[in-house]
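Keep in mind the model is a prediction, meaning the values are calculated, not measured. Side chains included, hydrogens not; waters and symmetry mates left out as well; all remaining heavy atoms used.
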Amino acid sequence: MQDVPTLVAQAREGRPRAVARLISLVEGASPQLREVMAALAPLTGGAYVVGLTGSPGVGKSTSTSALVTAYRKQGKRVGVLAVDPSSPFSGGALLGDRVRMAEHASDPGVYIRSMATRGHLGGLAWAAPQAIRVLDAAGCDVILVETVGVGQSEVEIASQADTSVVLLAPGMGDGIQAAKAGILEIGDVYVVNKADRDGADATARELNHMLGLGESRGPGDWRPPIVRTVAVRGEGLDEVVEALEKHRAWMEERGVLAQRRLSRASREVETIAVTALRERIGDLHGDRHLSALAERIVAGELDPYRAADELVAGLTEG
């Protein structure tokens, strides 16, 4: 068993090993998870969460690393959650995103963690909200969440971040297909990376056209800017940071930031509650009550909706 109060105190001091242990407790759904979250609750709320998403190959990891550099120049502590599609980061494993961010490995003002999706759809790990809380409580000013890069379906980042950045690149085939899939509907800031390549101007024009289609923004509403970058050379990243800060200021001025965080907390509570119910239902697979309901459905005495109502009623009463 871990000494949670000591780990939290050490994380507040910026000790990376303590932060790593807390996130490991989160990822492993440790029995101490409730104690961890209770200890962190009063310490959170100060970090600005930025999500980066986009199709594979657009340069998310390189852009994330360049953003870390830009924020560190401002003296801000930065946390990075890089969601990996396969195995979780452990020990000395070198994942692609860690290799690209190796220049920050020795910086005490930067904490980088790779997390596994473990089959969770939407481009994020299921434990990402709690891991964000750990980094927030550990004193990170900015938390960058880089999604797995599975394609156009990874829109869940919009529900976890204060500001969502959608990256595209010329020649990557994002185009109208991305618009249909919805990834171009979630961005607060759009970045055309690899802007030194042929087709960058056309990509930016097409993106601007798509964003204008069916636009119903009123006076004072946020219009997502389009920023061109060459992340591998660090070009255009100061403009991205400026766009992010403008969006943050706009949200704070209009109460949008507070509303987004309220919605995020509501979804987090709902997810935890639904997960708990699923676990309880899972325990019933050999239960006589569930078997009896199934038999009544097969016999035509009961429809599945009424059976589900009875099952839920039994769970909530129990």
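By the 4.0 Å N-to-carboxylate-O rule, E235 lies too far from K194 to be salt-bridged with it. A salt bridge links D196 to R233: one of the charged nitrogens lies within less than 4.0 Å of a carboxylate oxygen. Under the 4.0 Å criterion applied to side-chain N and carboxylate O atoms, R248 and D162 are not assigned as salt-bridge partners. A salt bridge does not link K246 with E253: none of the charged nitrogens is closer than 4.0 Å to a carboxylate oxygen. Contact check on E268 versus R133 returns a salt bridge, with a Lys/Arg side-chain nitrogen under 4.0 Å from an Asp/Glu carboxylate oxygen. A salt bridge links R260 with D188: the closest approach of a Lys/Arg side-chain nitrogen to an acidic carboxylate oxygen falls below 4.0 angstrom.
Using a 4.5 Å heavy-atom cutoff, the side chains of V49 and T163 are not in contact. Contact of the D201 side chain with the R228 side chain is registered, since non-hydrogen atoms from C-beta on lie closer than 4.5 Å. Looking at heavy atoms from C-beta onward, L293 lies in side-chain contact with L311 at the 4.5 angstrom threshold. The shortest distance between side-chain heavy atoms of E27 and R113 falls below 4.5 Å. With contacts defined as side-chain heavy-atom distances shorter than 4.5 Å, the pair H104/S65 qualifies. With a 4.5 Å cut-off on side-chain heavy atoms, L144 and V78 count as touching. Side chains of L167 and S63 form a contact here, defined as non-hydrogen atoms less than 4.5 Å apart. Proximity of L135 to V19: side-chain heavy atoms (C-beta onward) are separated by under 4.5 Å at one or more points.
Between A18 and A11, the closest heavy-atom pair is CB-N, 3.7 Å. Summarising the geometry of G51 relative to A161, their closest heavy-atom pair is N-CB, 3.5 Å, with the distance given to 0.1 Å. Closest non-hydrogen pair, R261 versus A47, comes out as NH2-O, 2.9 Å. Heavy-atom minimum distance, G54 versus K60: O-NZ, 3.0 Å. Taking each heavy atom of A231 and A66 in turn, the nearest pair found is O-CB, 4.0 Å. Taking each heavy atom of A169 and V58 in turn, the nearest pair found is N-CG1, 4.0 Å.
Between the CG atom of D136 and the OH atom of Y48 there is a distance of 14.0 Å, given to the nearest 0.5 Å. To the nearest 0.5 Å, atoms CD1 (I143) and OH (Y111) are separated by 12.0 Å. From S291, atom OG reaches atom CD of E295 across 6.5 Å, with rounding to the nearest 0.5 Å. Expressed to the nearest 0.5 Å, how far CD of E310 lies from CG of L290 amounts to 11.5 Å. To the nearest 0.5 Å, atom CE of residue M251 and atom CD of residue Q259 are 12.5 Å apart. The distance from the CZ atom of R72 to the CG atom of D107 is 4.0 Å, given to the nearest 0.5 Å.
Side-chain contact annotation: R197 with T203, donor-acceptor N/O pair under 3.5 Å absent. Counted by atom type alone, T229 and N193 present one or more donor-acceptor pairs between their side chains at under 3.5 Å.
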(request) Could you give me the CA-CA distance, side-chain angles and deciding distance for T53 and I186, then say whether side chain to side chain contact (heavy atoms under 4.5 Å, CB included) is met? (result) CA-CA 10 Å; T53 190; I186 67 167; 4.0 Å; yes
(message) For L168 and V191: C-alpha separation, side-chain torsions, deciding distance, then whether side chain to side chain contact (heavy atoms under 4.5 Å, CB included) applies.
(response) CA-CA 6 Å; L168 300 94; V191 172; over 6 Å; no
(request) Output, in order, the C-alpha distance, side-chain angles, deciding distance and verdict of side chain to side chain contact (heavy atoms under 4.5 Å, CB included) for L25 and Q2. (result) CA-CA 9 Å; L25 290 176; Q2 301 283 351; 4.1 Å; yes
(message) Does D141 form a side chain to side chain contact (heavy atoms under 4.5 Å, CB included) with Y71? I'd like the steps, not just the answer.
(response) CA-CA 9 Å; D141 300 299; Y71 276 118; over 6 Å; no
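Note on I272: it does not cluster hydrophobically with L22, by side-chain heavy-atom contacts below 4.5 Å among ILVMFWY residues. When hydrophobic clusters are built by joining Ile, Leu, Val, Met, Phe, Trp and Tyr residues whose side-chain heavy atoms come closer than 4.5 Å, directly or via intermediates, L257 is grouped together with V165. One hydrophobic cluster holds both L43 and L81 under the rule that ILVMFWY side chains link at heavy-atom gaps under 4.5 Å. Under the 4.5 Å side-chain heavy-atom criterion for Ile, Leu, Val, Met, Phe, Trp and Tyr, I226 and V230 are members of distinct hydrophobic clusters. The hydrophobic cluster containing V232 does not contain L52, counting ILVMFWY residues as joined when their side-chain heavy atoms lie under 4.5 angstrom apart, directly or transitively.
Sorted by first and then second residue, the pairs that involve residues 11-24 and meet salt bridge (Lys or Arg N to Asp or Glu O under 4.0 Å), not counting sequence neighbours, are E13-R15.
Of the possible polar contacts, one joining the W250 side chain to the G220 backbone as a donor-acceptor pair under 3.5 Å is found. Between the side chain of R264 and the backbone N or O of Q160 there is at least one donor-acceptor pair closer than 3.5 Å.
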